[in-house]
Amino acid sequence: MSSHELVDVVNEDDQVIATVERCEMRKRHLPHRASYIAVVDGNGRFLVEVRTMNKDYAPGLFDACVGGVMQHTEVPQEAAKREMLEEIGINADEKETEFYDLGSYRINYQSGKGFLFAYLFLAKSDAITVRQKEEVSGIMLLTEDELKTLYPSCTYDSVLAFDEIVKRAKQRNLLRI
């Protein structure tokens, strides 16, 4: 996403109240929407991304989820599917991928100044990944426990989203407990 692409700003009730450029949203820490997809393979390993150094947020850190900021007027499921295809080359609509909507979740910024609404998804797939070199430096497949050891090196929001996705997926028997 370009720093000049449009992003919807939301209020406490997740209603759109303004539209700004992404760079302004970042600069002013404005509340917005983002999609988060935990991608798990048939062996129970989760896909972890290594963020490129040119990212506008948390360059070089790990992402426990695939995803990103939702664009102006974008529907959550469309945003999640777009991010999966762009970042790791997996089409959520292909028959080898199971794709589950797990609802939304409010994440307060680590700084305490602001929040975002996270739209949570689980994708179960053994499809071959193709990383987007502009955004993703590398990809790893890790067990839940292995991933948790990397939490200090992961983006704050992806860890919170990942934990909530796993919790909701286990409640719905979508993941082995």
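- In this structure, the side chain of Asp63 does not engage the main chain of Glu49 through any donor-acceptor pair within 3.5 Å.
- A side-chain donor-acceptor contact under 3.5 Å links Lys124 to the backbone of Leu174.
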Evaluate Leu142 against Lys148 for side chain to side chain contact (heavy atoms under 4.5 Å, CB included), listing each step before the verdict. CA-CA 9 Å; Leu142 303 174; Lys148 287 182 177 189; over 6 Å; no
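- With hydrogens and angles ignored, the 3.5 Å screen pairs no side-chain donor or acceptor of Thr97 with any backbone N or O of Ala92.
- Defined by atom type and a distance below 3.5 Å, a donor-acceptor pair is missing between the side-chain atoms of Asn108 and Tyr156.
- The pair Glu146-Arg45 does not count as a salt bridge, with every side-chain nitrogen at least 4.0 angstrom from each carboxylate oxygen.
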Walk me through it: do Val16 and Val9 pass the test side chain to side chain contact (heavy atoms under 4.5 Å, CB included)? CA-CA 6 Å; Val16 177; Val9 177; over 6 Å; no
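- Side-chain atoms of Asn54 and Thr52 form a donor-acceptor pair, as typed in the model, at a separation below 3.5 Å.
- Residues passing the side-chain contact (heavy atoms from CB on, under 4.5 Å) test with Ala79, sequence neighbours excluded: Ser35, Met70, Glu74, Arg82.
- Listed by first and then second residue, the ring-ring contact (aromatic ring centres under 6.0 Å, His included) pairs that reach into residues 23-44 come to none, sequence neighbours excluded.
- Residues Glu135 and Lys55 are paired through a salt bridge, judged by an N-O separation under 4.0 Å between the basic side chain and the carboxylate.
- To the nearest 0.5 Å, atom CD1 of residue Ile90 and atom CG of residue Leu47 are 6.5 Å apart.
- Applying the side-chain contact (heavy atoms from CB on, under 4.5 Å) test between Met25 and each of Leu116, Leu30, Leu6 identifies Leu30 as the sole match.
- For the residue pair Tyr57 and Asp157, a side-chain donor N or O sits within less than 3.5 Å of a side-chain acceptor on the partner.
- Cation-pi contact between Arg33 and Phe117: absent, since separation from the ring centre below 6.0 Å together with deviation from the ring axis within 45° is not met.
- More than 12 heavy atoms of other residues, nucleotides or ligands sit less than 6.0 Å from atom CZ of Arg106.
- In this structure, Glu164 pairs ionically with Lys167, as a charged nitrogen and a carboxylate oxygen lie closer than 4.0 Å.
- A donor-acceptor pair is defined here as one N or O able to donate and one able to accept, closer than 3.5 Å; no such pair exists between the side chain of Arg51 and the backbone of Pro59.
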Can Phe162 and Phe46 be said to form a side chain to side chain contact (heavy atoms under 4.5 Å, CB included), step by step? CA-CA 10 Å; Phe162 177 81; Phe46 291 92; 3.5 Å; yes
Step by step, work out the side chain to side chain contact (heavy atoms under 4.5 Å, CB included) result for Val10 and Ile17. CA-CA 5 Å; Val10 296; Ile17 57 171; 5.8 Å; no
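- Taking both residues in full, the closest heavy atoms of Ala38 and Ile165 are given as CB-CG2, 3.6 Å, listed atom of the first, atom of the second, then distance.
- Phe99 meets the ring pair (Phe, Tyr, Trp, His ring centres under 6.0 Å) test with Phe121; sequence neighbours excluded.
- Considering OG of Ser125 and CD of Glu98, their distance stands at 9.0 Å, rounded to 0.5 Å.
- If you take CG on Leu150 and CG on Asp145, they are separated by 11.5 Å, rounding to the nearest 0.5 Å.
- Annotation for Gly60 and Val50: closest pair O-CG1, 4.4 Å, computed over non-hydrogen atoms.
- For the atom pair OG1 (Thr149) and CD (Glu144), the distance works out to 11.5 Å, reported to the nearest 0.5 Å.
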